[in-house]
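All remarks here apply to the structure that follows.
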There are 2 protein chains.
Amino acid sequence: MPRVSRPSSDLPPGQASAPTLDEVASRAGVSRATASRAINGGDRVSATARAAVEAAVRELGYTPNPAARSLVTRRTDSVALVVPEPDERVFSDPFFVHTLRGVNRMLAARDLQLVLLLARPGDERRLLRYLGSRHVDGAIVVSHHRDDQLADHLAALALPCAFIGRPWTSADRVAYVDTDNVAGGRAATELLIERGCRRIATIAGPGDMAAGIDRLKGWRAALRAAHLADDLVGHGDFTEHGGEMAARQLLERAPDLDGIVAASDLMAAGALRALADAGRVVPDDVAVIGYDDVGVPGRTTPPLTTVRNPIGEMAEQAVRLLLEQINDQRGPRPMRVIFPPALVRRDSA
Amino acid sequence: MPRVSRPSSDLPPGQASAPTLDEVASRAGVSRATASRAINGGDRVSATARAAVEAAVRELGYTPNPAARSLVTRRTDSVALVVPEPDERVFSDPFFVHTLRGVNRMLAARDLQLVLLLARPGDERRLLRYLGSRHVDGAIVVSHHRDDQLADHLAALALPCAFIGRPWTSADRVAYVDTDNVAGGRAATELLIERGCRRIATIAGPGDMAAGIDRLKGWRAALRAAHLADDLVGHGDFTEHGGEMAARQLLERAPDLDGIVAASDLMAAGALRALADAGRVVPDDVAVIGYDDVGVPGRTTPPLTTVRNPIGEMAEQAVRLLLEQINDQRGPRPMRVIFPPALVRRDSA
DNA sequence: CCGTCCAGTGGGAGCGCTCCCATCACTGGC
DNA sequence: GCCAGTGATGGGAGCGCTCCCACTGGACGG
């Protein structure tokens, strides 16, 4: 191998070892303790000392070593976002994407870093090992399914955590935020009933997610209360394609249907497409209502009437619940915040 | 506030302070140094000692403190994935999603953790501060645009990094992987020409991303070589909706067009929809070819002929380039790997 | 039988930081 | 004029780990 000539130096070129607090302190003419206080915004520091330290920090380009800091503070200032989702579907779901962005924004505002933990089914051991070794101060879990027993495991680890969407198990042991999906499904259905629909189908979500089941339950409750039939249940996987397929089948089974309650906007958009193909006019022939009110509804033809999920506020609350557990020495404990859903009327119903 | 009775103990219940290496060592009857060697798989440890340490680890549920470890090793065993993307579009693009998953998988296989850095335009300072404080061992950057001068900044930080997609600036100072997008655009266009198309349009990608520009360049080169007109340029934003709009406009401008080269599969899918609406048969009336070959092409009607981007291999190589810089003490340096694109023939052309 | 070697081991330093506590110079009240 | 009180400071311990280095004892060759 050819020898490359380079300036002989103990330090790698351009990568001088980072300045330490000691260097900052001595440059500022104060002790390490004072420098630390000045940097961390503590009081009990004279204006003179603080100014000197700040100048030294700037001149040296000092940046605290996070490992050393967290060794003593026992804080890492980072939070895991756990996504126990085997396939990439989550990323194409605006609900998830907006949740991710909301959580990220909230954390950034508090100078916390988000660590993304994508866990495929086999990876649970790795996941739990990571969380167990206190790499992060806490975890936020989204899009969990019946079969991962994540809530159980996290409760056992005693790691502060917050679920977005009610966990299947240990719902009384961990903190979570959610919306009232039964009420939402019910409200959506009642809207169609009020508008005169009598043959109302639903395109339900996956059977292993709480949100899907609850919205279906609400749909059913509204129909029964109005003495209408609740036999028209199609199933989708929260994708546009799934919604389209389900709508086609429903149309075949019940050509007389005049209303569709979809468990997500994406599925409602698919249904809209199937209806257009079948020559049905929305909302005159068939009224359609979606769920979530994010990303999709404004772009469909016609614009989608939907049930609004306050995603931003949910993400905010989840972070808040998490931080409360992290900061209070009482540690992890169950807390919950349930948001009411809200109807958003546009043109499809 | 009601007082809650609880067993008086110095330790929070269920949250005894984590066992340290010292405790493991004394339980195993060896020194801390030997325990460390046994745990880290070093040799120079007798079978007896190793077994004793492993037993102690298991009994105590010991897990090394990452902060303490990285304080001395100067490694954090985590890597940042930087996404300097202002809006959520990235997440709906299968290309990005698969890249994310590929990178995550590669890192997980090496026991490295992925830290997601979503940077909105204003956040650059925060981003650079984070990267500069050596929170992570290196960074992988995707979906960067002309205006973020990320490559310049990272080169200045001397932090190991790898770009996916050629950076706009400092391309000779940082490592990156890419595919030959000019060749791909050219090959796609030549396929249409061979098949007999004579009036070939393109739906180009954003003008501030290298991939979009290069594919357009390839399209143009192929047409010129065949002495065909290269005036039919539509613009999309890599989304399905954008592709549909662009295709509509192109059809209006040139009703006689008989081929469309789209710069992404998502845009090709949109074009397919526009063509169907216009009553054109694909590929008989109009041949369509996409780009990327991930997620979309199998699901369209008809299935999409496309140019394959080896996303998995690109992610793999990016991680490899990064690790090479991290592990070799030579530090960050420019390296590049360019993949050849490959045509994948299905039914749309 | 003694020196040499080496696998195996433990002592101890030190990574860069925070925070407890002792110290010190001042101030103001009696 | 002295002492308690107060704000600012620095010394030093210690967080949990890795790794350098010195040490040990048994195997082995001369």
Side-chain angles (χ1 to χ4, degrees), chain A residues 10-11 15-54 56-57 60-78 111 132-135 137 327 329, chain B residues 11 15-54 56-57 60-78 111 132-135 137 329:
Chain A
D10 286 349
L11 299 173
Q15 201 182 353
S17 65
T20 70
L21 186 58
D22 269 309
E23 301 174 42
V24 171
S26 67
R27 180 174 194 117
V30 300
S31 73
R32 208 175 48 243
T34 302
S36 175
R37 276 187 289 260
I39 287 169
N40 294 311
D43 45 322
R44 308 260 148 126
V45 180
S46 66
T48 332
R50 164 164 289 131
V53 170
E54 280 166 1
V57 164
L60 259 36
Y62 170 76
T63 199
N65 180 320
R69 176 177 277 179
S70 73
L71 183 56
V72 30
T73 59
R74 293 161 178 290
R75 294 288 222 86
T76 64
D77 295 321
S78 63
D111 251 307
S133 73
R134 312 266 152 182
H135 256 104
D137 297 336
N327 294 326
Q329 53 282 57
Chain B
L11 299 173
Q15 200 182 354
S17 66
T20 70
L21 187 58
D22 269 310
E23 301 174 43
V24 171
S26 67
R27 181 172 193 120
V30 299
S31 73
R32 207 175 51 242
T34 301
S36 175
R37 276 187 289 260
I39 287 168
N40 293 313
D43 44 327
R44 308 261 147 123
V45 180
S46 66
T48 332
R50 164 163 290 131
V53 170
E54 280 167 1
V57 165
L60 258 37
Y62 170 75
T63 201
N65 180 319
R69 176 177 277 179
S70 72
L71 182 56
V72 31
T73 59
R74 291 158 179 292
R75 294 287 223 89
T76 63
D77 294 321
S78 62
D111 252 307
S133 73
R134 312 267 153 183
H135 256 103
D137 297 336
Q329 51 284 57

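Within every chain, numbering begins at 1; the chains are lettered A, B, ... in the order of the sequence lines, protein sequences first and strands thereafter.
- Residue-to-nucleotide proximity on DNA chain D shows that, of B/Ser36 and A/Val45, the 5′-proximal contact is made by A/Val45.
- Between B/Arg44 and the phosphate of C/dA7, there is a side-chain N or O to OP1/OP2 separation shorter than 4.0 Å.
- Taking CG of A/Asn327 as the reference point, atom CZ of A/Arg75 lies at 5.0 Å (rounded to 0.5 Å).
- In this structure, A/Leu21 CG and A/Ser26 OG are separated by 9.5 Å, a value rounded to the nearest 0.5 Å.
- Expressed to the nearest 0.5 Å, how far CZ of B/Arg69 lies from CD1 of B/Ile39 amounts to 8.0 Å.
- Considering CZ of B/Arg44 and OG1 of B/Thr34, their distance stands at 12.5 Å, rounded to 0.5 Å.
- Checked by atom type, the side-chain pair B/Asn65/A/Arg74 shows no donor-acceptor distance below 3.5 Å.
- Across all strands, A/Arg74 comes closer than 4.0 Å only to sugar-phosphate atoms, never to a base (heavy-atom distances).
- Boundaries of the chain A contact region on DNA chain D are D/dG7 to D/dG16, first to last in 5' to 3' order (nucleotide atom under 4.0 Å from a heavy atom).
- In this structure, A/Arg37 reaches the bases: a heavy-atom distance under 4.0 Å links it to at least one base atom across the strands shown.
- Nucleic acid contact class of B/Ala49 (heavy atoms, under 4.0 Å, all strands): sugar-phosphate only.
- Residues A/Asp77 and A/Pro66 are not in side-chain contact: their nearest non-hydrogen atoms beyond the backbone lie 4.5 Å or more apart.
- Separating the CZ atom of B/Arg32 from the C1' atom of C/dT9 is a distance of 13 Å, rounded to the nearest angstrom.
- In terms of position on DNA chain C, the residue among B/Leu71 and B/Gly29 whose nearest nucleotide sits closer to the 5' end is B/Gly29.
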